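Data block below; observations after.
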Amino acid sequence: MKTLLINGSPRKNGNTHLALTEVAKSLEAEGIETEIFWLGNKPVRGCTACYACVSKNLGKCIFDDDVCNRLSAHFAEADAFVIGAPTYFGQPAGALLAVVQRAFFSARAHVEGKPAASVAICRRGGSTAAFQCMNMPFEMLNSILIGSQYWNVAFGRDPGEVTQDTEGMQTMRALGKNMAWVLKNLHRDGTVPRSPQEEWQPMHFIR
Ligand SMILES: Cc1cc2nc3c(=O)[nH]c(=O)nc-3n(C[C@H](O)[C@H](O)[C@H](O)COP(=O)(O)O)c2cc1C
């Protein structure tokens, strides 16, 4: 079993990376494989709402010139997801949102129904808003949202400072343990678990 952790900070080894590493170590200690995928700091597109991914059934974004499809190529082999981002103006960093919106829209089949969590880092405030914002996609993808002993947030400004937030680091370890526990129980009989669902009946509010 494998958890894919997505680092949405432009600082590769910054506080988001350190918090996700704490989650990953906790998962590994429970026998769950992990991979931390850094989105990088190159420009990324926002979704253009062209719907090509859906109408052509691409399974990926039609725009192949940034990190989006390199990330979503890892989705199929992931049994669980953690997305992490620094808080910018009380929101998740923009690049993380841009990539997640495109990747989850175009490759949603490989995200749906799996355990998932978000992690938000900040200097002082706004991380709970960012955390809730990152949870929103999972809450409409039949995901099993994993919590911790507190909201999945930790504090620090300069790279490394988050390790001084001992409670925040403990929150990350508890998240890892909760996710491992859910994964092990879900996969206990060796099948890929999905809750039985009716066929989706989208209704676009057009009368
Ligand atoms: C553009 C920008 C906006 C920020 N906005 C906030 C904020 O709203 N609240 C806060 O507490 N910290 C804010 N910060 C600080 C970062 O969240 C903090 O430095 C965080 O540790 C960065 O994570 P990283 O090391 O993974 O990049 C902001 C930083 C930047 C660059």
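As the structure lists them, so they are numbered: ligands from 1, and atoms in each ligand from 1. Values in this document were obtained by computation on a predicted structure and should not be read as measured data.
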Point to revise | Glu28-Ser26 side chain donor-acceptor pair, cut-off 3.5 Å | key: no
Review point. Can you check whether Phe81 and Phe37 have ring centres sitting under 6.0 Å from each other?
Key: no
Exercise for review: Write out the protein residues near ligand 1, meaning a non-hydrogen atom under 4.0 Å from one of its atoms, in order of chain and number.
Suggested key: Ser9, Arg11, Gly14, Asn15, Thr16, Pro86, Thr87, Tyr88, Phe89, Gly90, Ile121, Cys122, Arg123, Arg124, Gly125, Gly156, Arg157
Exercise for review: With Arg108 as the cation and Trp200 as the aromatic partner, state whether NZ or CZ is under 6.0 Å from the six-membered ring centre and within 45° of the axis.
Suggested key: yes
Review point. Heavy atoms, side chains only, cut-off 4.5 Å: are Arg173 and Lys25 in contact?
Key: no
Review point. Which heavy atom in Glu198 sits nearest to a heavy atom in Gln201, and how many Å separate them?
Key: OE1-NE2, 4.3 Å
Review point. Under 4.5 Å between any side-chain heavy atoms of Glu167 and Gln149, yes or no?
Key: yes
